[in-house]
There are 2 protein chains.
Amino acid sequence: MTYTIKEVAERTDFSIYTLRYYDKAGLLPFVSRDASGYRAFTDGDLQILHTIACLKDTGMKIAAIRQYVTYIMQGPSSIPQRKQLLEEHRQTVLHQQAVVAQSLKEIDFKLAMYSSPHAAELVGLELQTAKSQKRASQLADPFEG
Amino acid sequence: MTYTIKEVAERTDFSIYTLRYYDKAGLLPFVSRDASGYRAFTDGDLQILHTIACLKDTGMKIAAIRQYVTYIMQGPSSIPQRKQLLEEHRQTVLHQQAVVAQSLKEIDFKLAMYSSPHAAELVGLELQTAKSQKRASQLADPFEG
DNA sequence: ATGCACCCTCGACCATACTCGAGGGCAAGA
DNA sequence: TCTTGCCCTCGAGTATGGTCGAGGGTGCAT
């Protein structure tokens, strides 16, 4: 049983364009062609594609994904390299998660301020502080206009 | 007390180039110029810049950040709009966090497989399954070479 | 007054990741 | 056989977010 590129696009979050772009970029060397030159995706191919989606969704670059896929094509002998690549990526993702979580906290703090019954006063105070800093340094006030 | 663009670049994760690019893109209308036309950043400016960093780090696009900054320039009257913009962004971030967390789980699953004492067998089995699927559909085997 | 380390703008260039149209082939039904 | 709806490649175009060099001004220390 195989799937056409259209069927794969429907079953995944990749567009037909993206799938062809990925193939051109060397991300899909495991996808075979039928007698007419059409891409024929097997279930196993979809599994690798799913892994590719996980890597992409966590921010891995195309070049790194290509490297990973290349390792897959080399068979079990490349397990150490695959492991290292994923471990390094894992650290990157953990770091990014921490950055995002911290930034979200600060956004939530802003939201809390905007939701406060004294929102207008708090924001007004911030504004006056900013304006007086400009004045103290003899700078034009950009908050006019 | 004010800071030069170089000092700001050193105190933040933005390069001088990026700061100038952001200014050109309308993200820094609150930054004043001194008598020589040099940008003079106040502490209040750095605070807004920090908020911009939070938005950028959570994936907000430049155009949306510009909108938010525009609201800031309008003073307290734009609090409802700021709140709505941040609420919507917050939902986007929560969704992205969920996607990343799920993808990371699957990456960890792969890593566990590669770390298993039977890694070679497991990966070899995957490979044989993939190969037999190709054979069953009379497709050339891309795992040769 | 000269040098050095800053600052400025403008516009070109780059990297990344798609997105799409043109031109053409394949396969099945009316 | 002809239309319809897929498929293909190739190469150009788009969107986003920078990055950088040229050309020129500023300001302080020697």
Side-chain angles (χ1 to χ4, degrees), chain A residues 2-29 31-42 45 49 52-69 89 92 96 99 103 137-140 142, chain B residues 2-29 31-42 45 49 52-69 89 92 96 99 103 137-140 142:
Chain A
T2 65
Y3 307 92
T4 66
I5 197 169
K6 191 193 187 201
E7 288 165 339
V8 173
E10 283 161 357
R11 279 167 180 68
T12 67
D13 284 337
F14 298 114
S15 70
I16 291 180
Y17 295 136
T18 301
L19 288 168
R20 288 207 264 246
Y21 166 70
Y22 280 6
D23 197 2
K24 206 180 340 186
L27 266 59
L28 313 181
V31 176
S32 302
R33 302 301 182 105
D34 69 14
S36 301
Y38 293 7
R39 291 174 188 85
F41 292 78
T42 63
D45 293 347
L49 204 47
I52 290 175
C54 289
L55 297 176
K56 187 209 131 196
D57 285 344
T58 50
M60 187 181 282
K61 292 190 179 184
I62 299 295
I65 298 176
R66 175 171 48 235
Q67 181 63 72
Y68 180 69
V69 170
H89 180 60
T92 306
Q96 266 312 297
V99 170
S103 292
S137 301
Q138 292 152 64
L139 297 169
Chain B
T2 64
Y3 308 92
T4 65
I5 196 169
K6 191 192 188 201
E7 289 166 340
V8 173
E10 282 162 357
R11 280 166 180 69
T12 68
D13 284 337
F14 298 114
S15 71
I16 291 181
Y17 297 135
T18 301
L19 288 168
R20 289 208 262 247
Y21 166 70
Y22 280 6
D23 196 3
K24 207 181 341 186
L27 266 59
L28 313 181
V31 177
S32 301
R33 300 303 182 103
D34 69 13
S36 301
Y38 293 9
R39 290 174 188 85
F41 292 77
T42 62
D45 293 348
L49 204 47
I52 290 175
C54 289
L55 296 176
K56 187 210 131 194
D57 286 344
T58 50
M60 187 182 282
K61 293 191 177 182
I62 299 295
I65 297 177
R66 175 171 47 233
Q67 181 64 71
Y68 180 68
V69 171
H89 180 59
T92 306
Q96 265 314 295
V99 169
S103 292
S137 301
Q138 292 152 66
L139 298 168

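In what follows, chains are A, B, ... by sequence order, proteins preceding strands, each numbered from 1. Bear in mind the structure is a predicted one, so any value in this text is a computation, not a measurement.
B:Phe14 comes within contact range of no nucleotide atom at all, as no heavy-atom separation falls under 4.0 Å.
A donor-acceptor pair under 3.5 Å is absent between the side-chain atoms of B:Ser32 and the main chain of B:Ala40, judged by distance alone.
Within a 6.0 Å radius of CD in A:Glu7, more than 12 heavy atoms belonging to other residues, nucleotides or ligands are found.
Taking both residues in full, the closest heavy atoms of B:Phe14 and B:Ile52 are given as CZ-CG2, 4.5 Å, listed atom of the first, atom of the second, then distance. Closest approach of A:Phe41 to A:Leu49, counting heavy atoms only: CE2-CD2, 4.3 Å. In plain terms, the two heavy atoms of B:Gly26 and B:Val69 that are nearest each other are O-CG1, 4.5 Å.
The side chain of A:Thr4 contributes no N or O atom lying less than 4.0 Å from OP1 or OP2 of D:dC6.
Applying the ring pair (Phe, Tyr, Trp, His ring centres under 6.0 Å) rule to B:Tyr68 yields no partners; only residues at least two apart in sequence or on another chain are considered. Qualifying side chain to side chain contact (heavy atoms under 4.5 Å, CB included) partners for B:Arg20, counting only residues two or more places apart in sequence or in other chains: B:Ile5, B:Ile16, B:Arg39.
Atom NZ of B:Lys6 sits about 11.0 Å away from atom CZ of B:Arg11, to the nearest 0.5 Å. A distance of 13.5 Å separates CZ in A:Arg66 from CG in A:Leu55, rounded to the nearest 0.5 Å. Here the CG atom belonging to A:Leu27 is positioned 8.5 Å from the OH atom belonging to A:Tyr21, to the nearest 0.5 angstrom.
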Write out a two-atom table: protein N or O, nucleotide N or O from nucleotides 10-13 of chain C, distance below 3.5 Å.
none

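DNA chain D lies under 4.0 Å from at least one heavy atom of each of the following residues of residues 31-39 of chain B: B:Ser36, B:Tyr38. Across residues 5-12 of chain A, not one residue has a non-hydrogen atom less than 4.0 Å from an atom of DNA chain C. Looking at residues 59-69 of chain B, you'll see that no heavy atom sits under 4.0 Å from any atom of DNA chain C.
Salt bridge absent: A:Lys56 and A:Asp13 never bring a charged side-chain N and a carboxylate O closer than 4.0 Å.
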